[in-house]
Number of protein chains: 2
Amino acid sequence: MAIEGEASSTREAILVEARHCFAQNGYQGTSLNDIAAGVGIRRASLLHHFHSKDAIYQAVCRRALSDWADCIDEAVSGPVGEGWNYVDQVLTAAVRWFAQNPEFVRLVRHESLAAGDHLGFDLGMAIRPWFERAVNHFDREMGAGRFRKHDPEQLLISGYGAVLNYFSDVHFLESLLGRDPMTEDAIEARIEAIREFFRAALEP
Amino acid sequence: MAIEGEASSTREAILVEARHCFAQNGYQGTSLNDIAAGVGIRRASLLHHFHSKDAIYQAVCRRALSDWADCIDEAVSGPVGEGWNYVDQVLTAAVRWFAQNPEFVRLVRHESLAAGDHLGFDLGMAIRPWFERAVNHFDREMGAGRFRKHDPEQLLISGYGAVLNYFSDVHFLESLLGRDPMTEDAIEARIEAIREFFRAALEP
DNA sequence: GGGTATCTACCGACAGGTCGGTAGGCAACG
DNA sequence: CGTTGCCTACCGACCTGTCGGTAGATACCC
């Protein structure tokens, strides 16, 4: 259920360890030896389960994306509400999920930074349906006067940046703030700040 | 003057090409051959000017950081103003500089994602003085009632994410939006959106 | 002639990937 | 029951290519 879990089969163990390595050091920064060592087998044995490094990476990405899709689907599963409370509910669920799955966030960041070479998947295309749905929702709400008028696309891009950055650049924040940004208290404070900030910008 | 400029000496050409490569593909994803090919010399000739890959990277980082410091120093060089206009002025200058120096942004992103291995420099420590200065400014302004009350640290972290992300994840945005996010019009729209969003959140 | 800048040639380390082979589980068959 | 054949999981040895870095020769320039 949780994306950062334990392993049963060797294949599972490989996926878990590979996600950890790729999230930590990116595709280029991870060697098959690193993954194999983490699992406790040799490199040749890795390639018995996956026929290439690329195949491992894509499996990791596919799994991560599907976990995330589950989170979003669950968050928006109920009836579409109106006004701040509904947006707040979805936003909070998403942020909380990111906080619990920092490896996913770092994987995404590495992927979207990797740029030209489409390694794992086209992240933009994958997210697009949710993005457009959210844009339409904001359009409706702003049109109905329940939110102040902003460009919904720009708003979502800002939110995406403000949220994901916190969990991907943990090391940077630690040295900037001089404290651990991933303690339970710090995360709760961050969630609260994001909510307040968006509420301030959105509520009429 | 501009960070993305041309070269006079070979050493300069190396720094320019290296910044381009490191920004595009990160430290691990850039080989000395890549840089040398871009400059038009052999790898061994690179190492005549810089005694190691690390030395090149650190020189690039030092230069980039100092260029950015110049931008900030200039933006806050005048007398410290009050209220939204002053913040708006500094914010706009910073965003505009990021828009003109996307390689700097990608360099920073790669660096803050690289995490454990302090390759170039401690970015958090380097930015800290400006960060604290900004926190104090917001504290004063909020205390004086000229801004709505927020946690200044959280506010700045949100802003940092909302701003930098746009220029670092260009490829992601291109496939998400289905259009080029770096055209002049798109950038102006982005700047406007960021200003409006922060104004909405800050102004009482 | 003494530097400076560039080159070719080379090195050891390590990358991803292949190959041949081994140990053990398991079902079929005499 | 024993043996035969097949399968999965794993391993060590090896391949090719690329990496960062070094050494020495050469060409040019003051």
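Labels below follow one simple rule: chain letters A, B, ... track the order of the sequence lines, proteins then strands, and each chain is numbered from 1.
At C:dT6, one or more side-chain N or O atoms of B:Thr10 fall inside 4.0 Å of OP1 or OP2 (strictly under the cut-off). Considering only side-chain N and O atoms, A:His48 lies nowhere under 4.0 angstrom from the phosphate OP1 or OP2 of D:dC10. Distances shown here put every side-chain N or O of B:His49 at or beyond 4.0 Å from the OP1 or OP2 atom of C:dT4. For B:Ser45 and C:dC7, the shortest distance from a side-chain N or O to OP1 or OP2 is below 4.0 Å.
Nearest nucleotide to the A:Arg42 side chain, out of C:dA5, D:dC10, D:dC11: D:dC11.
In this view, B:Ala99 and B:Phe167, B:Ile187 satisfy the side-chain contact (heavy atoms from CB on, under 4.5 Å) rule, not counting sequence neighbours. In this structure, the side chain to side chain donor-acceptor pair (under 3.5 Å) partners of B:Asp169, at least two apart in sequence or on a different chain, are A:Arg109, A:Ser112, A:Tyr160. A:Ser52 is linked by a side chain to side chain donor-acceptor pair (under 3.5 Å) to nothing, counting only residues two or more places apart in sequence or in another chain.
Atom CZ of B:Arg11 is separated from atom P of C:dT4 by 14 Å (rounded to the nearest Å).
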Protein-to-nucleotide contact annotation, 5' to 3' order, nucleotides 25-30 of chain D [B base; S sugar-phosphate only; - none; under 4.0 Å, heavy atom]: ------
Evaluation steps, salt bridge (Lys or Arg N to Asp or Glu O under 4.0 Å), between B:Glu12 and B:Arg63: CA-CA 11 Å; B:Glu12 269 303 301; B:Arg63 171 76 62 92; 2.8 Å; yes
At a cut-off of 3.5 Å, list every protein nitrogen or oxygen paired with a nitrogen or oxygen from nucleotides 20-24 of chain D, distance to 0.1 Å.
residue	atom	partner	partner atom	Å
D:dG20	OP1	B:Thr30	O	3.4
D:dG20	OP1	B:Lys53	NZ	2.9
D:dG20	OP2	B:Leu32	N	2.8
D:dG20	O6	B:Arg43	NH2	3.4
D:dG21	OP2	B:Lys53	N	2.7
D:dG21	N7	B:Arg43	NE	3.3
D:dG21	O6	B:Arg43	NH2	2.2

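In the model, B:Asp122 has a side-chain atom that pairs as donor or acceptor with a side-chain atom of A:Ser175 under 3.5 Å.
Remark: side-chain polar atoms of B:Asn136 are paired, donor with acceptor, to backbone N or O of B:Glu132 under 3.5 angstrom.
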If you look only at distance, which donor and acceptor atoms sit under 3.5 Å apart when one is on a side chain in residues 35-48 of chain B and the other is two or more places apart or in another chain?
residue	atom	partner	partner atom	Å
B:Arg43	NH1	B:Asn33	OD1	2.8

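Between B:Tyr57 and B:Tyr27, the two ring planes are perpendicular [angle over 60°; tilted spans 30° to 60°].
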